[in-house]
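Okay, structure first, notes after.
These numbers were taken from a predicted model, which means no experiment stands behind them.
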Amino acid sequence: MKRLTWFALAITLIATVFAAKTPYQAVLQHSRIRGRPHGPNVCAMQNIQGTDKKYFTNCKQWYHRKICGKPTVVSYECCPGYEKVIGEKGCPAALPLVNIYKTLGVVGATTTKMYSERANLQEEIEGPGSFTFFAPSSEAWAALPTEILDALVSNVNIELLNALHYHMINKRLTSDDLKHGTSFPSMYQDFDVHIHHYSNGIVTVNCARLVKTDQHATNGIVHVVDRVITAITNNVNSLIDTDDDLDTLRTAVAAAGLTSLLENEGSYTIFAPTNEAFEKIPPETLTRILGDPHEAFFHFTSTMQCISELNWIFDEKKLCVGLNFVHWELIGFFHFCCHLVIIFWSRTLLAPLNDAFKDKSLAMTPDMKKLLRNHILKEKFSSKCLYHGQELETLGGLKLRVFVFRNSLCIENACIAAHDKNGRFANMFIVDKLLTPPMGTVMDVLKADDRFSTLVGAIQRAGLTELLNEKGAYTFFAPTNAAFSAMPPADLNKLMRDPKELANLLRYHIGEEFLVSGAVTPHTRMKPLTGEKLELGALNSTVYVNRVPVVEADLMATNGVVHAVDVIVKPLPPKIVSDQAEGSTIRRTSAVRVNDLFQKVLRSQSSRSMSRVQ
């Protein structure tokens, strides 16, 4: 059995490596597997002893307990985008989805958050938009030379603001989008930032290592980096020309005929010997070097290698040479934009998957024509440029809302299911459902559906009508007539005569945030207006709330969304957590209040039926 377990683990690890698209994804997935015994969404990290450097781990590093030949200590922490929940094992909950300014605080980039406020950037990164922010960690700001930091903070409205804008891109880019060798125009004078991947899983932007990736926000995404990045304004040859310590190298470059090469576009790393380095060479050897063009090439590579990668290579291959080198890069320019300006019309098609039409007649009736016209947007969009709260106008004249969730990007109830399909005059978003735009408030939706006649009366008795008509963003797990009919008649009559208890019951079914079915993932939590958090999940395209199946999802409203349930939702029983991964057993019981009403519901015929089904 033990051999079989090890064999299964080996197969899992091999499959993980081959399934990953990049070295970074490979080490992240390996770290997830190593952290799995400690609970969901836990990643194993290796800390280099005596430093604050942490890395996701690969197989070789894991078994040797070393990185770059240096001993490490293994620790376990939440994988990017997740957090712990008191009383539960691992990191079962997704981090709250807030705007970029608040996300900077959530991910620990507190100094960047503070400087954003000082530079009057706060309003921009709190507001509408779709941004990528490479946010320096607090340690990165502390590592800046004092004179540079002083220059930035003494002129916050220009220098500091420009520096922060150079860390931003005007579109949402996940780690999947940051391909090796790509460049993106920053929000500071369109100066490019450059992405490079390395075999050890390291990803850099202008040689700053990404240490926390894919921290999603309502208006973009945050990647935490380990240094403050600076703009690249000169080519390699210009830097050599202007540095007095490189006079001899300049002569060697000219003698080798490399001047024109280093003035052209390309990507180079130079191990640049200083004048002092050349002086250590015997005169006859120096004469030979300056007279032989091939000797100069020994200090050049035709690829870009950042210091973090070079240190790794030297240590792994034991090339412990005492080089004092300076790294420069010369990269070609590539410009991307969110909207393509076309002289003729431009459109975006929202194309539902085939499964979305299973229960629909395909006859081209007037209603079907109207429906399809509302699947065509009047402008050409990239999904990377959509942001939470944005409104998109259709050919049918409707305004569709954009909702950004941690793992989903949705337009009304339809979530984007594949990468954009780009054409010359139009783009296509493949979506998982037919659009059902809102036709009124939550209360209007319930009144228009006969299945909710008992619920509508209950809402009126409980005094919640105004709440469900006013502006907001609610998720209502709405009990149908069948849910109320399943209660014992005596209990139902008593409930309907007590407006306070009725209000508490209904408020437990209403979430404080907006959530469509396509955004529900395992371990999703939602805080109701009253009571403990609701636990959501999805299985075989069915959404569950506290283990109760949703019979119809995504009845859209202007102030929320309604999901129909045929069973009264009740709190889950207390959890007993056994955490043996740390070598000890810790038992915790989450405090869940169950009032008399819910106790009676638990004993009802419908509850017993649900138990048998489960």
Inset, instruction - Test His563 against Phe477 for ring-ring contact (aromatic ring centres under 6.0 Å, His included), laying out the working first. - result: CA-CA 5 Å; His563 304 300; Phe477 297 96; 5.5 Å; yes

Legend entry - SG-SG under 2.5 Å, Cys91 vs Cys79: no

Legend entry - SG-SG distance Cys410 to Cys415 under 2.5 Å: yes

Do the non-hydrogen side-chain atoms of [X] and [Y] ever get within less than 4.5 Å of each other?
{"X": "Arg172", "Y": "Leu409", "result": "yes"}
{"X": "Tyr544", "Y": "Leu536", "result": "no"}
{"X": "Leu353", "Y": "Val431", "result": "no"}

State whether [X] and [Y] are salt-bridged, where the test is any N-O pair (Lys NZ or Arg NE/NH1/NH2 against Asp/Glu carboxylate O) under 4.0 Å.
{"X": "Arg401", "Y": "Glu412", "result": "yes"}
{"X": "Arg451", "Y": "Glu552", "result": "yes"}
{"X": "Asp498", "Y": "Lys500", "result": "no"}

Legend entry - Lys378: salt bridge (Lys or Arg N to Asp or Glu O under 4.0 Å) partners, not counting sequence neighbours: Glu393

Legend entry - Counterpart residues, salt bridge (Lys or Arg N to Asp or Glu O under 4.0 Å), relative to Lys212 (two or more places apart): none

Inset, instruction - Please work out which of the three classes, parallel, tilted or perpendicular, describes the rings of Phe405 and Phe514, given edges at 30° and 60°. - result: parallel

Inset, instruction - Take Phe134 and His223 through the test ring-ring contact (aromatic ring centres under 6.0 Å, His included) and record every step on the way to the result. - result: CA-CA 5 Å; Phe134 297 104; His223 305 290; 5.6 Å; yes

Inset, instruction - Please check if the distance between the ring centroids of Tyr76 and His38 is under 6.0 Å. - result: yes

Using residues 92-102 as the side-chain source, report each donor-acceptor pair under 3.5 Å to any protein atom, sequence neighbours left out, with the distance given to one decimal.
{"residue": "Asn99", "atom": "OD1", "partner": "Tyr101", "partner atom": "N", "Å": "3.1"}
{"residue": "Asn99", "atom": "OD1", "partner": "Lys102", "partner atom": "N", "Å": "3.0"}
{"residue": "Tyr101", "atom": "OH", "partner": "Glu117", "partner atom": "OE1", "Å": "3.3"}

Inset, instruction - Begin from the C-alpha positions of Thr480 and Phe452 and carry the test side chain to side chain contact (heavy atoms under 4.5 Å, CB included) through to its verdict. - result: CA-CA 5 Å; Thr480 61; Phe452 300 116; 3.8 Å; yes

Legend entry - Gap between atom CG of Asn469 and atom CG of Asn559 - 0.5 Å precision: 7.0 Å

